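Computed from a predicted model, the values in this text were never measured in an experiment. Order of listing sets the numbers, starting from 1, for every ligand and every atom in it.
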Amino acid sequence: MSSVERLAEYECGRCGRLRRFFDRWPDGYICRPCYIHATRIHGTCAGCGRQRLLPGRDTGGSAICRDCAAVPRSFDCVRCGAEGRLYYRKVCIRCRLHDLAAERLDDGTGTVRPDLQPLVAVLASCYKTPPGSRLAWLNLGRTKQLLAALATGRVAVDHAALDVYPDQRSIPYLRALLVAAGCLPDLDRAMHNFETWLRNRLSKLAGHPHERVLRQFGVWHQLSKMRAKAQQQALSPNARTYAVFEFNRAVEFCTWLAEHDHRLDQLSQPTFDRYYGGLSTAYRQSLRGFLNWAITTKRMPRLQFARPRFRTGEALDQQRRLDLLGHLLDGDDQRLAPRVAGCILLLYAQPIPRILAITLDDIVRTDTGVVLRLGDPPSPVPEPFADLLLRLADQRAQAGGDRWLFSGRSIGQPMSDRGLARRLRDLGIPPASRANRRSPPTRPRGSCARRFARTRLPPHDHPPPKPPRRRHLEPLHHHQDLTNQITRLDDGACCST
Ligand SMILES: [Zn+2]
Ligand SMILES: [Zn+2]
Ligand SMILES: [Zn+2]
């Protein structure tokens with residue numbers, strides 16, 4: 001190829017745009033974007049019927065393999081033989097990632113430190129992020145510095161050392177990689193994020209007239225409450241977000257007190273009402289934590305503040321619930337995960353955080369069918385939903401990595417609450433808080449969960465019935481006739497007839 005040819009612009013044989021020369025294949029000049037696109041298509045060749053990379057085009061425009069299209073370029077990795085786009089020294093992206101990771105984690109002797117070897121493997125094969133993103137991350141200046149510090153021992157491989165590393169931008173991703181590689185133990189991320197956030201926030205409050213009380217609220221009250229909760233189960237990302245909200249509302253309230261020369265311990269009801277009355281419902285709700293704590297610990301007089309009332313939205317009646325279920329059971333495979341989550345929400349009336357906590361081990365095949373471990377005892381899974389659930393579980397098991405049924409994009413984490421709520425909304429399921437809310441005419445007397453619990457406890461162990469904090473739809477599987485209706489959806493019977 002002459003230099004004139006290299007610099008001139010040609011009409012691309014694929015996209016028709018005038019672009020700089022990149023390659024010339026039997027179907028014409030190929031621009032760089034079309035080349036990159038062509039090296040991503042894998043499938044059955046329309047010419048020879050083999051499973052291969054399909055960069056070529058036949059006369060009808062179908063994708064065909066390199067041999068059938070007579071493309072004069074090899075796409076075979078010289079290291080592992082895989083077919084695909086080739087990088088530096090004619091290796092595929094996985095081999096390139098492996099080389100680059102090993103280079104970045106060189107401890108100065110030309111080899112990777114033995115305890116960081118698993119990190120190289122995770123960087124080369126991690127299924128969660130696209131390989132291109134990992135390559136770009138490895139090429140960032142700050143990543144090079146961070147990995148070199150880790151490899152040479154200037155930064156220890158532990159959570160505390162990562163917490164105090166000056167440039168925190170690459171730390172969350174590196175931490176997740178180290179956990180996935182088994183180089184670091186897992187930690188409760190919501191808890192850890194809040195601790196780090198609170199430390200930074202408190203350092204910025206130095207000199208604030210109410211710094212002391214805010215520190216006590218954050219460290220003594222919020223942190224210890226979260227730690228106690230985390231002992232029971234991993235915190236959801238929402239727990240961190242809510243704690244941040246609570247703390248920020250407390251800071252705003254204390255700043256207002258300071259600006260207006262009011263003392264917290266001598267605050268009068270009319271003065272407090274002036275502030276509280278001007279807040280939105282969401283702000284009032286998140287200030288309540290601080291107010292209750294300040295009153296119980298006698299840092300503030302016992303003032304009255306009304307409990308905020310949220311709009312309740314429409315309730316979902318049984319018929320609409322069945323219609324939605326029918327719609328979910330008929331969907332396409334691309335949306336399998338949100339469809340399964342939607343069915344669990346509609347069938348078992350579970351809140352989103354509980355749905356996200358389901359792992360592959362919670363789905364059990366028994367002699368009589370499939371059961372889902374949402375609590376004790378496990379809930380039976382009616383057909384045709386059982387088929388859908390098993391399909392998703394098989395897909396997830398094949399993909400590997402973590403055991404979450406609804407695996408998220410962050411390594412080792414399930415999908416986010418918000419992400420799942422958005423996907424459910426896209427499928428036509430109203431926000432979970434509304435879908436889960438009871439519909440008065442169809443709800444039998446007493447909370448289903450309580451009635452269910454009552455049947456399972458000996459009479460003398462019976463706890464005094466507490467009013468349910470959130471009113472849920474009764475899980476459908478407790479109604480045999482409704483389960484039958486769902487099963488009939490599979491036979492083509494329309495639920496609304
Ligand atoms: Zn093109
Ligand atoms: Zn072929
Ligand atoms: Zn390779």
Side-chain angles (χ1 to χ4, degrees), residues 1-106 110-112 116-139 147 177 180-181 399-401:
M1 187 202 312
S2 71
S3 57
V4 178
E5 194 179 24
R6 196 184 281 277
L7 290 173
E9 286 195 328
Y10 294 89
E11 189 183 312
C12 170
R14 297 273 166 100
C15 66
R17 293 199 180 92
L18 266 186
R19 286 225 170 105
R20 283 273 287 281
F21 180 92
F22 190 77
D23 207 351
R24 194 162 54 191
W25 289 355
D27 54 331
Y29 287 101
I30 302 291
C31 70
R32 190 178 140 82
C34 289
Y35 170 83
I36 292 172
H37 177 69
T39 53
R40 286 185 184 144
I41 306 168
H42 290 261
T44 312
C45 172
C48 61
R50 283 191 293 161
Q51 279 287 328
R52 285 191 67 178
L53 179 76
L54 307 173
R57 291 284 180 280
D58 64 10
T59 43
S62 302
I64 49 173
C65 73
R66 162 183 173 235
D67 292 331
C68 293
V71 172
R73 181 189 273 266
S74 168
F75 299 95
D76 299 332
C77 168
V78 294
R79 180 100 41 90
C80 69
E83 237 186 345
R85 186 177 161 201
L86 298 184
Y87 290 76
Y88 183 64
R89 292 188 176 159
K90 294 196 183 334
V91 293
C92 70
I93 192 154
R94 282 178 76 120
C95 294
R96 179 69 193 133
L97 277 165
H98 189 278
D99 291 353
L100 210 54
E103 203 177 295
R104 300 282 179 262
L105 290 165
D106 181 353
T111 51
V112 178
L116 289 176
Q117 286 282 4
L119 180 58
V120 175
V122 165
L123 273 164
S125 64
C126 172
Y127 61 98
K128 284 276 176 134
T129 49
S133 313
R134 273 174 280 146
L135 203 62
W137 185 75
L138 281 170
N139 278 320
L147 295 184
L177 288 170

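Rounded to 10 degrees, the SG-metal-SG angle spanning C80 and C95 at the Zn ion (ligand 3) equals 110°.
You'll find the side chain of R104 stays beyond 4.5 Å of the side chain of V112, heavy atoms only. Considering only heavy atoms from C-beta on, C92 stays 4.5 Å or farther from Y87 through its side chain. W25 is listed as a side-chain neighbour of R14, based on a closest heavy-atom distance under 4.5 Å. Put simply, the side chain of R52 reaches to within 4.5 Å of the side chain of E83, judged on heavy atoms.
Looking at R66, its side chain never comes within 3.5 Å of a backbone N or O of F75 through a donor-acceptor pair.
Atom CG of residue L54 and atom OG1 of residue T44 lie 7.5 Å apart, to the nearest 0.5 angstrom. A distance of 12.5 Å separates CG of L86 from CZ of R96, quoted to the nearest 0.5 Å. Note that the CG atom of L135 and the OH atom of Y88 stand 13.0 Å from one another [nearest 0.5 Å].
The environment of CZ in R17 is sparse: at most 12 heavy-atom neighbours from other residues, nucleotides or ligands sit within 6.0 Å. Counting non-hydrogen atoms of other residues, nucleotides and ligands closer than 6.0 Å to NE2 of H42 gives a total above 12.
Any protein N/O/S atom under 2.8 Å from the Zn ion (ligand 1) was counted, giving 4 altogether. Legend: protein N/O/S atoms lying under 2.8 Å from the Zn ion (ligand 2), waters omitted, number 4.
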